[in-house]
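These notes concern the structure reproduced below.
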Amino acid sequence: SPKQVGEFLFGKLGLPVIRKTKTGYSTDVDVLEELRGMNISDIPGLLLNFREVDKLLSTYVMALPTFLNPQSHRIHPHFHLTKAATGRLACDQPNVQNIPVRTLKGRKIRQAFVAEKGHILLAVDYSQIELRLLAHLAEDPVMLEAFNKDLDIHQQTASEIFQVPLEDVTKDQRSAAKAINFGLMYGQSSFGLSQQLKIPRHEAQQYIDFYFKRFYRVKQYLEELKALALEKGYSETMLGRKRWIPAIRSSNKMEKAAAERVAINTPIQGSAADIIKLSMIQVDSLLKDYKCKMLLQVHDELIFEMPLNEIDHLTPQIIDIMQKV
C-alpha cells in the first residue's frame with residue numbers, strides 16, 4: 001500500500017521526504033521521479049517500473065482478450081456520441097482511444113493490434129488542429145504566420161518566449177512551450193503550469209505573461225470567450241453547437257474559475273470534434289464503393305483497415321476530404 005511504500009522509502013531507507021499528505025508521505029509518480037533523479041537508491045526506479053508494468057498488465061494485457069468476440073475474434077468497443085461534454089467521441093468496453101504510445105513497453109501493447117491479411121492499418125490525423133483553430137479564431141498574427149510558413153508551432157512559441165533564434169531552441173524549451181500552448185488553451189493557471197513543468201510558480205507566471213504579450217490576440221480572444229459565456233450562459237463551437245455553463249455566473253470563485261476554463265476550451269476542442277465528425281460522415285460515403293473499413297476514431301485521428309490494392313487510390317481521397325471538410 002502507499003502507506004507501506006512511504007514507511008519503507010522514508011523510514012527504513014531514509015530517503016529525503018519530498019512531499020507529505022494528510023495521511024503520511026506522498027509516493028506518487030512525481031515524488032518517485034524526483035527520488036530516481038537523485039540517484040541515491042535504485043528502489044524508486046524499480047517501483048516506477050513495477051507500477052508501469054502492473055498498469056499495462058491489468059488494463060491491457062489481461063483485460064483486452066476478455067473483450068474478444070467469439071465469432072469475429074475481434075474487439076468491438078462501444079462508442080458514445082454524448083458522453084463527453086465537448087462533443088468528442090468517447091469509447092469503452094474496452095477503451096481503445098488510449099492505447100499507450102509514449103513508452104517502449106506501452107508500444108508493445110500496440111503491436112497486438114494488427115490488420116487482416118492483405119490489409120494495412122492506415123492512420124490519418126489532423127496536425128495540431130486545436131492550435132490551428134485557436135490561431136484562426138483568435139486571428140493572432142504571430143501564430144497565423146507560424147502556421148502559414150509551416151513552422152513547428154511549439155518551436156516557434158519557445159523561440160518567442162525564451163527569446164532565442166528558432167534553430168537554437170532546445171528540446172526542453174520546446175517541451176515547455178508545448179505545455180504552455182496546450183495549457184493556456186485549456187485555461188491553465190500559473191499554479192497548474194508550475195506543477196506540470198516542475199518550476200516555481202513565479203517563473204510559470206513569467207512564461208504566461210510573456211506568452212500573452214507576444215500572442216496578444218490570443219489573450220483578447222480568451223477573455224472574449226469568457227465574457228460571451230457570462231453574457232449568454234453558454235459557449236458554442238464554430239458550427240453552432242452549444243454547451244450550457246450555468247456555473248459561469250456562480251458566486252463561488254472556484255466554481256466560476258472552472259466554468260471559465262470550460263468556456264475557453266469548448267469552442268476550440270468542440271470545433272475540432274465537429275470537424276472530425278463531418279469528416280467521418282463524408283469519408284463513410286466515399287468508402288461505400290470500397291472494401292476499406294473505418295475502424296476507429298481517436299479525437300483528431302481516423303484509423304482504417306485498408307486492402308493493399310486500395311492504398312494508392314483511396315488514401316489521397318481520404319486526405320482530401322479531411323482537409324477540405
Side-chain angles (χ1 to χ4, degrees), residues 1-61 63 95 98-107 109 154 157-158 161-162 169-212 222 247 250 252-262 264-265 269:
S1 71
K3 188 171 181 282
Q4 291 169 311
V5 172
E7 285 166 2
F8 174 63
L9 291 177
F10 307 111
K12 194 168 181 182
L13 292 182
L15 297 180
V17 176
I18 308 293
R19 202 167 57 247
K20 282 196 164 187
T21 64
K22 285 175 188 170
T23 52
Y25 305 109
S26 171
T27 59
D28 65 15
V29 173
D30 293 340
V31 167
L32 292 177
E33 290 280 12
E34 204 168 320
L35 289 169
R36 176 164 66 180
M38 291 175 178
N39 289 326
I40 310 169
S41 162
D42 291 339
I43 304 291
L46 290 169
L47 273 170
L48 282 166
N49 196 22
F50 174 81
R51 282 185 187 178
E52 186 195 352
V53 173
D54 190 51
K55 186 169 192 287
L56 291 174
L57 197 61
S58 59
T59 313
Y60 305 106
V61 179
N95 182 354
N98 66 347
I99 305 301
V101 70
R102 291 211 173 114
T103 64
L104 197 61
K105 291 188 188 81
R107 287 197 287 277
I109 306 286
H154 302 312
T157 303
I161 291 174
F162 299 109
V169 169
T170 65
K171 202 175 169 186
D172 286 347
Q173 285 173 331
R174 186 185 179 276
S175 291
K178 188 174 179 179
I180 294 164
N181 271 333
F182 287 118
L184 298 185
M185 195 161 53
Y186 300 134
Q188 194 177 42
S189 64
S190 58
F191 175 72
L193 188 63
S194 71
Q195 295 286 97
Q196 193 178 348
L197 295 178
K198 299 181 177 64
I199 55 172
R201 192 168 175 176
H202 69 89
E203 204 175 308
Q205 189 58 54
Q206 282 173 347
Y207 286 172
I208 291 173
D209 292 343
F210 197 84
Y211 178 96
F212 283 138
L222 299 183
S250 171
N252 179 312
K253 265 188 173 174
M254 281 177 77
E255 272 181 22
K256 189 178 171 72
E260 285 179 342
R261 287 196 291 276
V262 169
I264 286 171
N265 176 233
Q269 196 177 95

For Pro44 versus Ser41, what's the shortest heavy-atom pair and its separation?
CD-O, 3.4 Å
Please test Gln205 against Asp209 for side chain to side chain contact (heavy atoms under 4.5 Å, CB included), starting from the C-alpha separation and ending with a verdict.
CA-CA 6 Å; Gln205 189 58 54; Asp209 292 343; 2.9 Å; yes
So how far is it from Ile18 CD1 to Leu35 CG, rounded to the nearest 0.5 Å?
4.5 Å
Grab the two heavy atoms, one from Phe10 and one from Leu15, that are nearest each other, plus how far apart they are.
CD2-O, 3.3 Å
Heavy-atom neighbours of Phe191 CZ exceed 12 at 6.0 Å:
no
Begin with the C-alpha distance, continue with both residues' side-chain angles, and end with the deciding distance and a verdict on side chain to side chain contact (heavy atoms under 4.5 Å, CB included) for Arg51 and Thr27.
CA-CA 12 Å; Arg51 282 185 187 178; Thr27 59; 3.6 Å; yes
Begin from the C-alpha positions of Ile264 and Tyr186 and carry the test side chain to side chain contact (heavy atoms under 4.5 Å, CB included) through to its verdict.
CA-CA 6 Å; Ile264 286 171; Tyr186 300 134; over 6 Å; no
Can you tell me how the ring of Tyr207 sits relative to the ring of Phe162, calling it parallel under 30°, perpendicular over 60° and tilted otherwise?
perpendicular
Report, as yes or no, whether the 6.0 Å neighbourhood of atom CG on Asp42 holds more than 12 heavy atoms from other residues, nucleotides or ligands.
no
Working to the nearest 0.5 Å, report the span between CD of Gln206 and CD1 of Ile161.
12.0 Å
Ignoring hydrogens and geometry, is there a side-chain-to-backbone donor-acceptor pair from Glu203 to Pro200 under 3.5 Å?
no
Kindly compute the distance separating CZ (Arg36) from CG (Leu46), expressed to the nearest 0.5 Å.
9.5 Å
Nearest heavy-atom contact between Ala179 and Leu197 is CB-CD2, 3.8 Å
Looking at Lys20, Arg19, Lys3, which one forms a side chain to side chain contact (heavy atoms under 4.5 Å, CB included) with Tyr25?
Lys20
Can you confirm whether Ile40 sits close enough to Pro16 that some side-chain heavy atom of one is under 4.5 Å from a side-chain heavy atom of the other?
yes
Heavy-atom closest contact (Leu9 atom, Leu13 atom, distance)
O-CB, 3.3 Å
Are Phe210 and Ile180 close enough, and set up right, to give a side chain to side chain contact (heavy atoms under 4.5 Å, CB included), and what steps lead you there?
CA-CA 11 Å; Phe210 197 84; Ile180 294 164; over 6 Å; no
Mind checking the CG-NZ spacing from Asp30 to Lys198? Nearest 0.5 Å is all I need.
4.5 Å
In Å and rounded to the nearest 0.5 Å, what is the OG1 to CD1 distance from Thr103 to Ile109?
8.5 Å
Measure the spacing between OH of Tyr60 and NZ of Lys105 and express it to the nearest 0.5 Å.
15.0 Å
Which atom of Arg261 lies closest to which atom of Gly187, heavy atoms considered
CD-O, 3.2 Å
I need the minimum non-hydrogen distance between Ser58 and Ala63, along with the two atoms involved.
O-CB, 3.5 Å
